[in-house]
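To start, the structure under review is shown below, and the notes come after it.
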Amino acid sequence: MSITAVPLKPVKRRVLVYLWAGIAVAAVGAAALAVQTPVDPAATFLSHNAQKKGVKQTPSGLQYQVLTPGTGAPPTDQDVALVNYEGKFVDGTVFDKSQRPFPVPLGEHQVVPGFEEALSLIPKGGKYRVWIKPSLAYGDTARPGMPAHSTLVFDIEMLDFLSKAAVQQLQQQQMMQQQMMQGGGAPGGMPPGGMPGAPGGVPGGAPGGAVPQGN
């Protein structure tokens with residue numbers, strides 16, 4: 001059994017003109033929509049930054065680069081990390097810097113999520129540069145000296161870390177010494193809630209004194 005092909009009728013030139021004109025209009029409309037779509041500067045920056053040599057990215061979107069490897073395992077949620085840090089915006093402007101070793105108890109959300117995640121990557125003696133996208137920092141919330149949708153860049157040096165149990169024991173020993181001194185004012189004493197090398201105890205905010213919750 002054979003099938004006889006039915007030849008298609010030739011398309012009139014005028015119809016082709018209308019067809020191509022319609023395609024051209026659709027293309028112009030798509031281009032106009034692309035122009036109107038707002039560009040996310042943070043996403044654009046991080047996309048380019050992720051391509052740089054030595055930059056790695058975690059599943060959450062935190063980007064980091066190892067400046068000094070360090071040794072051993074990084075701290076966990078059961079530890080208090082002691083770090084030096086410097087925080088900048090992507091244009092290089094410094095917005096915060098530790099003046100002395102800064103203690104951070106992990107797992108207690110006392111710093112922005114990206115900063116805490118970074119600490120869980122850095123072994124003792126290591127120094128990392130991290131890029132924290134807005135959703136892992138302060139999101140769309142503007143603060144004094146901190147514009148909304150800011151990408152934060154931190155250089156973090158892991159000086160040391162101790163277990164929270166060891167830190168608590170040190171605190172209890174210090175309190176007992178102070179009680180035995182009966183208010184004698186032992187020089188260099190560590191106040192309750194403090195940690196060696198950090199005045200006034202563990203700060204309740206993120207580096208820079210900001211509230212530690214991101215969006």
Side-chain angles (χ1 to χ4, degrees), residues 58-88 94-139 141 143-146 150 152-179 186 188-215:
T58 69
S60 72
L62 176 74
Q63 295 181 0
Y64 68 95
Q65 182 179 26
V66 178
L67 304 180
T68 304
T71 57
T76 69
D77 285 355
Q78 303 304 313
D79 296 317
V80 178
L82 195 62
V83 302
N84 280 331
Y85 69 87
E86 181 177 68
K88 301 178 181 179
V94 176
F95 63 84
D96 194 15
K97 184 175 182 178
S98 59
Q99 300 302 314
R100 62 190 71 193
F102 181 87
V104 183
L106 274 67
E108 298 184 11
H109 310 296
Q110 294 194 14
V111 292
V112 294
F115 194 90
E116 183 161 336
E117 182 182 355
L119 296 184
S120 70
L121 301 173
I122 309 175
K124 191 175 299 184
K127 185 175 182 179
Y128 284 25
R129 178 167 295 158
V130 300
W131 292 266
I132 304 177
K133 64 181 182 179
S135 62
L136 293 176
Y138 303 105
T141 303
R143 305 178 186 280
M146 178 72 64
S150 292
L152 309 183
V153 186
F154 279 97
D155 285 350
I156 307 173
E157 181 181 10
M158 181 68 66
L159 301 175
D160 198 0
F161 57 86
L162 292 174
S163 68
K164 293 178 182 178
V167 172
Q168 185 177 17
Q169 186 177 10
L170 288 173
Q171 293 171 351
Q172 291 173 348
Q173 290 175 355
Q174 184 62 44
M175 291 178 64
M176 290 177 63
Q177 290 176 2
Q178 290 177 347
Q179 292 173 357
M190 182 175 62
M195 181 176 180
V202 178
V211 178
Q213 296 298 326
N215 287 350

Discussion item. Can you give me the closest heavy-atom contact between Ile156 and Ala118, atom names plus distance?
Written reply: CD1-CB, 4.0 Å
Practice prompt. Flag the pair Leu162 / Leu170 as yes when at least one side-chain heavy-atom distance between them is below 4.5 Å, and no otherwise.
Written response: yes
Worksheet item: Are side-chain heavy atoms of Leu106 and Thr76 found at a separation under 4.5 Å?
Response: no
Practice prompt. Output all residues satisfying salt bridge (Lys or Arg N to Asp or Glu O under 4.0 Å) with Glu108, sequence neighbours left out; order by chain, then residue number.
Written response: Lys164
Worksheet item: Are the side chains of Leu121 and Pro74 in touch, meaning some heavy atoms are under 4.5 Å apart?
Response: no
Worksheet entry | Near-ring test Phe95/Phe154, centroid separation under 6.0 angstrom | yes
Fill in: Within residues 63-74 or reaching into it, pairs that qualify as side-chain hydrogen bond (donor to acceptor under 3.5 Å, both in side chains) - sequence neighbours excluded
Asn49-Gln63, Gln57-Gln63
Worksheet, complete the sentence: In terms of heavy-atom contacts, Ala137 and Ser150 come closest through CB-O, 4.4 Å
Practice prompt. Would you please name every residue forming a salt bridge (Lys or Arg N to Asp or Glu O under 4.0 Å) with Lys127, sequence neighbours left out?
Written response: none
Worksheet item: Listed by chain and number, what are the side-chain hydrogen bond (donor to acceptor under 3.5 Å, both in side chains) partners of Glu117, not counting sequence neighbours?
Response: Thr58, Ser60
Item to complete: Measure the spacing between CG of Leu82 and CD of Glu157 and express it to the nearest 0.5 Å.
Response: 10.0 Å
Worksheet entry | Heavy-atom pair with the smallest gap, counting every atom of Leu62 and Leu136 | N-CD1, 3.9 Å
Discussion item. I'd like to check the salt bridge (Lys or Arg N to Asp or Glu O under 4.0 Å) partners of Asp155; sequence neighbours left out, ordered by chain and number.
Written reply: Arg129
Item to complete: Count the heavy atoms of every other residue, nucleotide or ligand shown that sit under 6.0 Å from CD of Gln172, and state whether that count exceeds 12.
Response: yes
Worksheet item: Residues in side-chain hydrogen bond (donor to acceptor under 3.5 Å, both in side chains) with Lys97, at least two apart?
Response: none
Worksheet, complete the sentence: Heavy-atom closest pair (Pro101 atom, Pro103 atom, distance to 0.1 Å) is O-CD, 3.7 Å
Discussion item. Show the nearest heavy-atom pair for residues Ala81 and Phe161, with the distance to one decimal.
Written reply: CA-CB, 3.8 Å
Fill in: Sub-4.5 Å side-chain heavy-atom contact between Glu116 and Val104
no
Item to complete: Identify the two heavy atoms, one from Phe115 and one from Ile132, that lie closest to each other, and give their separation to 0.1 Å.
Response: N-CD1, 3.5 Å
